[in-house]
Structures are given as C-alpha cells and as structure tokens.
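Scroll down for the structure; my scribbles are underneath it.
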Amino acid sequence: MIQETALIFTPQTAASAITGNLWLIPALPIVASGIIALLKQKRRVPAAALAIGSLGISLLIAIAAFAHVLAGWMANHAVRETFNFSWIQVGTSSVDLGWVLDPLSAVMLVMVCFVGLLIFIYSVGYMAHDENFTRFFCFLSLFAGGMLGVVIANSILLLFMSWEIVGLTSYLLIGFWYHKPSAAAAAKKAFVTTRVGDIFFLLGIVWLFSSTGTLLFYSHGAGSLESLALSNLLTQHAGLGLSAATAIGLLIFAGAAGKSGQVPLHVWLPDAMEGPTPVSALIHAATMVAAGVYLIARVYPLMSAGSLAGGTTVALTVVTWVGAATAVFAALIAVAQNDIKRILAYSTVSQLGYMMAGLGLGGVAVGFFHLITHAFFKALLFMGAGSVIHGVHEEQDIRHMGGLNAKMKTTFVTYGIGMLALCGFPLVFSGFWSKDGILEAAHNGAIKGPFYMLAFGALLTAFYMTRQVSYVFFGNKRAHHEAHESPKVMTMPLAILAFFAIALSAIGTPAWPWFKSFLNNEAAPFEFAGFAEPGLASLMLLSSCIVLVGIGLGWMIYGNKQQDAHAKDALEKALGPIWTLLANRFYVDELYGVTVIALYKGLAILTDFFDRCVWGGIVALVAWVFGLCAKINRFLDETFINGGFDKGCEQLSTGGGILSNVESGRAQTYLRYLAVGMIVLVAILLWSARP
C-alpha cells in the first residue's frame, strides 16, 4: 500500500529535506536559461557550462531522490511524499501547488536528467560552428527545466504550466534555424497541432477541478487521484453512458496524444526533424514525447477507475487501440522514408504507440519500462544519426551514403547496438524485454486485435531499421565527399548510451523483474522460475522469430549490395503505388490540407469578408451618418445660431452707437430731452383725459 508523507516547509527529517528541495531539479536549468539569455552571443563557454552544470547538479539531486525511494522500497514500504502549499488565496479558497516523490517520478527524474545531460554534452560538439550557440543552450536548458517540472508536479495545474513551457521551447528549438522556411513551418505546425490536444487537456483539468474541488493529485486522502475523489467521479454521469472519471480521462488522453504524437495528432512529430539533431534526440527520447506517456502513467488511477480485477475501462481501451493503431501506422510509413532522421522520427511515433498500448494493456510498469529503455536507445540512434550527418557533411538522404562502417567505426558499432535494441533483438538488448512485456500483456488480453497489430509493427520495425543500416553503413560508397568520424565529445555519449541500451536488460527479465516490482512496490527475488510462466517461452520464441524474420528480410533485400544513389528502391519497384502511398505518409497531411486546413482557410476568408464588407461596411455607414449629422449641425450652427447671434450683436452694437450719441455729457441737451419728454407726457395725459 502506498504510504503518503505530509511535509512542511521546515524539514525535520531526511525525507522532508529531499522532497522539500525537489523543486531545485527543474529550477536550476530554468535559472541557468535565464542567465544564459543575458549573455552576449559570443559567450559560448559560459553558456555551455551553465547549461551542463545546472543539469548535472539536477542529476545529482535526482539520484539522491531515487536513492531515498529505493531505500524505502528495500525496507518493504513504498514512498510517496508530497510537498503542497497555497499559491494563490482568494477569500476562503486557495489554489494549491506541490510536488511529489514516488517511484514513478524518481525513475523519470534520473532518466531525463541523465539522458538530457548526455545530449547537452553532445551538443557542444554538434553545434560548435553555429553562430547562435549561446541561444541554443538557453532554449535547451529551459526545455529540460520544463520537462522536469512536468515530472515532479503533484498539481495538475503545475503540470500543465510546465507542459506549456515544454510546448513553447519545442517551438523555439524546432524552428531554431528560422532562416529555413521548412524549419519555421515545422515549428508552427508542432505548436498548433499540440495546442489542439492541449485544449482538450485544459477542459479535462477544469472538469476535474470542478468535480473534485482540488488540483492536487495527492493530499492526505483528499487529492483528485485518491479513492474518495475517484469514487465521487464514478458516480457522476457525463452522458453517452460514461462516468465523469472516464470522460475526464479521455480529455486528458487527448492532451497526451498531442504531445506523444498519437494518431491522428502525429503529423507534427516527423517534421520536428527540421531542428538541430540534439533537439530531435531530446524531443524524441527523453522529454517532450515522453511527457504524454508520463501523464497517462501519472493519472493512471483515474484512467483505471472502476475497472474490475483483471479488467479494463473505456479510457484504457481507447488508449490501447489508439496506441496499437499508431504503432502499425507509423511503422508502415517508416518503411518508405529516405531521410535518416525522418525514419527515426516515424519509429518514435510507432514506439510511442507501443508505450500507450502497454499502459492500456499491462499497466504503468509495462508501458513505462518501454519508455525508459526507448529513451536510451532512441537518444543513441538520433545522436548516432547526427554523428553520421556530421561525418558526411550534412547529408541526410540514406541513398547518398553507404559504406560508412569503415570510416565511422565508433558510430557504426554504437548505432548498430541502438538499432538492435529498437528492433528487440532477442535476450541481449533492453528493447527485447520491454517490447516483449507489451506483447505479453496484449497476448493475455481478452481481445487479440492489439496483439496482432503490435506483432506486425515489430516485424516492420526490424525490417525498416535493417534497411536504414544497410543503406548507411554497408554496400558501396555513394556519397560525393569523404566521410570522417565525429569528435570524442560526440562519440563518448554514444558509447555510454549504447552501454545502457544493453545493461537495462538486467532489470526487466522474467528472472528478475526489478523495474516492475519497484514501481508496484513488490519484492523482486532473482529466480529463473520466472521463465516457466505458462505461455511465456512460446511468446518469447514468437517475438524472437518476428524480429529475426524482419531483420532477415531487410538484409536479403538491402544487405551489403551495390546500390545506385539514383536508382529506385528495390521495394519501390515491387510495391509500386503502395510504396508511393507509404512514401507520402498515407497523404494524411494532404487530407488535413483539403479538410481541416481548407475549412479554417475558408473560415478565415469568410471572416475577412465579414470584417471588411459587413462589419467594416457597418462602421463606414455609422461614420457617414455621424459625418452627415456633423455637417447638418455645422450648417445649423453657422446659419441660424451663429447668424442669429451675430445679427443680434450687430443690432445691439448699432443701438449702442445711437444711444452713445444721446449721452453727450452736456446738461443743456439733457434738459432739452427732458422738456421734450415732459411735453410728450403731457400730451399723452391730455389725450387720455378727453371726454
């Protein structure tokens, strides 16, 4: 049973000291990013030192946090410690934020910091000649800080704020070479597409808060992921026969689908290759795309609420089928791609589908183990691809490479390890055990459809990765330039990642399922009897055969052959229009272009028409009416009011002139006027007194 420890701002124990300072892990890279932003562009060394140093310190704190959780697990109790505080107080209500330390966040923190640190170091060599080196590390550091904020969040509001930092910095990094129109377009595409999912995510957050009264995940039994809140959500009906828990879970999954490139919101992810290769490695391995999978793992109590023992829920069923469809869909497209990074991009989309399906079918441990192993070998593959691109002077088309195994031996060996791990080569590589766990969960499910889809996806993965490696490293040299090995600062991270692509196998085998036991707070004894689980041996054999067949087919068609850089692909000749369909990504972008984008363009044109002709016309009419009123008012004012006033003033002035002549100041004149007046008065009196 998960134990939650309430913490206060003044730590009293070692546990509170570790969890209370957990905020430093994302804060250090974010602060470093702010300082780098103030540096001059030529200050390369301080910029790289600040970014690498801050993430290095974050890694040390993350390791300490992981050790604390591990110590609790070894003492036979799981640790879930929260640090919550009031952020904004409005009357009697408050908005609370907080962070959480548990096995899920502890593992993710170490992975993000460690893989991110290797990518940072690799970037020093890869971006050495870029004039915007300092700006790159500013964005890179902010990106890592945002992702780490997502990981530690115990508040869905804090998670969303960090989530949006990741979205902003992904836009900045994908479009880092903004002078390239394709990079600027890819950045906008990524930003807009992920916002579509984020709108649904935000609606889910608002609904969750209105239904539970809290934004915290865990808060002494009153959190939104704890039993009391979940029970209330299950009793609330959302329409269409769904409970509020299911509806909110589906809204949150829409946000995760946007970040993790699930169909149909996958279209931004391959175009993200327009950014520098370290960005591709960071986005596709340890950070942004993993955020969606991590989100579903974090809110898994909500997604699985109401399920019976061994059963599933509507939300998890949707996650499963979307994940399985994504795995096959992206793998098919990857078969017909020729850009070395784009192949890996569609591979990432496919593997994210596996992770989602693993969460839906087997729970957090199954899907999350593949996320961790994938982070290492996919970072290795992207950085290896960057090494290849660097070595062949920025060429990215695999048809123009060939024969690089002799010129780039370190890159070749490490890339081969990453390729075999991704394919799930039997027994030795971590990808085999993590993918096999997902296939096992799918095989044991009530519905077999996802299993067949995921198995077919595994076959395609082995095939297209063998095709890529054959084109790049084997056969004849087809490039028009001399290849060279990358510098040590780039190859050393490759060697470290290659080691972990193999070493992580040790914690996920049936003999010692340490990773699953750690996340589920179970004992993990080492015993070979784990391989005797009913049906496991046959499933492992089937999985191995699938991989070997895929590799065999790829080698049979492409392996070590004299390829012509301008000749048609061997499979293209055989498949014809099907190849064209795959090469053009099933025309999904074009479909969006003639539907969604066309609709919005039409709405934009209609809005512009209304703005210019209707609303603008109304404004112009009102302006004309008021102008006419002003002219009439001016006419009345000048003709009648001013004219009458001027005429009155003129007459008054004339009368005054006449009267001024009367007032001469001479007494004789006044007596004369008085006498005349008296005569007139007497005459009037006599006239009025006559009979």
Side-chain angles (χ1 to χ4, degrees), residues 28-56 115-148 164-192 194 268-288 339-342 345 379 382-383 385-396 486-490 493:
L28 288 171
I30 292 174
V31 171
S33 174
I35 297 173
I36 295 170
L38 301 177
L39 296 177
K40 293 183 178 179
Q41 194 69 345
K42 295 181 180 180
R43 306 290 288 178
R44 292 168 168 257
V45 174
L50 279 167
I52 294 172
S54 62
L55 195 59
V115 176
L117 183 61
L118 292 177
I119 295 172
F120 277 34
I121 295 170
Y122 172 92
S123 301
V124 174
Y126 191 89
M127 301 294 291
H129 303 293
D130 196 288
E131 62 180 355
N132 293 312
F133 182 94
T134 302
R135 179 165 61 89
F136 180 78
F137 274 93
C138 172
F139 294 163
L140 210 62
S141 194
L142 182 60
F143 189 93
M147 182 63 196
L148 292 168
E164 292 305 309
I165 292 175
V166 172
L168 169 64
T169 47
S170 67
Y171 167 79
L172 297 173
L173 286 168
I174 293 169
F176 182 76
W177 288 324
Y178 54 83
H179 56 275
K180 296 168 54 180
S182 57
K188 288 186 288 185
K189 186 176 183 179
F191 190 80
V192 172
T194 53
W268 71 269
L269 201 48
D271 289 355
M273 298 300 96
E274 292 294 338
T277 297
V279 174
S280 303
L282 200 59
I283 287 177
H284 286 251
T287 53
M288 183 172 178
D339 185 301
I340 186 172
K341 289 170 63 178
R342 193 169 289 271
F382 267 110
M383 292 161 70
S387 179
V388 169
I389 295 168
H390 183 271
V392 296
H393 309 284
E394 306 308 315
E395 178 61 67
Q396 293 188 204
S486 300
K488 293 285 186 183
V489 72
M490 294 175 65

Quick one: does [X]'s side chain get under 4.5 Å of [Y]'s, heavy atoms only?
X	Y	value
I389	I340	yes
R135	Q41	yes
T194	M288	yes
M273	H284	yes
T134	K40	no
W177	D130	yes
F137	V124	yes

Which heavy-atom pair separates [X] from [Y] by the least distance, and what is that distance?
X	Y	value
L140	S123	CD2-OG, 3.9 Å
A47	I36	O-CD1, 3.3 Å
S486	S387	OG-OG, 2.6 Å
L117	I52	CD1-O, 3.6 Å
F133	M127	CD1-O, 3.2 Å
A32	S141	CB-OG, 3.9 Å

Does atom [atom1] of [X] have more than 12 heavy-atom neighbours from other groups under 6.0 Å away?
X	atom1	answer
K180	NZ	yes
H129	NE2	no
R43	CZ	no

Supply the atom-to-atom distance [X] [atom1] to [Y] [atom2], rounded to the nearest 0.5 angstrom.
X	Y	atom1	atom2	result
T287	I119	OG1	CD1	7.0 Å
E274	K341	CD	NZ	8.0 Å
L282	M383	CG	CE	10.0 Å
I174	S182	CD1	OG	12.0 Å
C138	L50	SG	CG	10.5 Å
L142	L172	CG	CG	8.0 Å

- prompt: So, S170 side chain and V166 main chain: donor-acceptor pair closer than 3.5 Å or not?
  reply: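 Between the backbone of V166 and the side chain of S170 there is a qualifying donor-acceptor contact (under 3.5 Å).
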task: Indicate the ring-plane relationship of Y122 and Y126, choosing parallel, tilted or perpendicular according to the 30° and 60° boundaries.
output: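 If you compare the ring of Y122 with that of Y126, the planes turn out parallel.
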query: Given the side-chain rings of F139 and F143, with only the six-membered ring counted for Trp, is the space between their centroids under 6.0 Å?
result: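 Ring centroids of F139 and F143 are no less than 6.0 Å from each other.
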Using distance only, find each side-chain donor-acceptor pair of residues 183-191 under 3.5 Å and give its atom names and separation, not counting sequence neighbours.
residue	atom	partner	partner atom	Å
K189	NZ	D271	OD2	2.7
K189	NZ	D589	OD2	2.3

message: Please enumerate all residues that pass side-chain contact (heavy atoms from CB on, under 4.5 Å) together with A144, with sequence neighbours excluded.
response: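 Applying side-chain contact (heavy atoms from CB on, under 4.5 Å) to A144 gives L55, F120.
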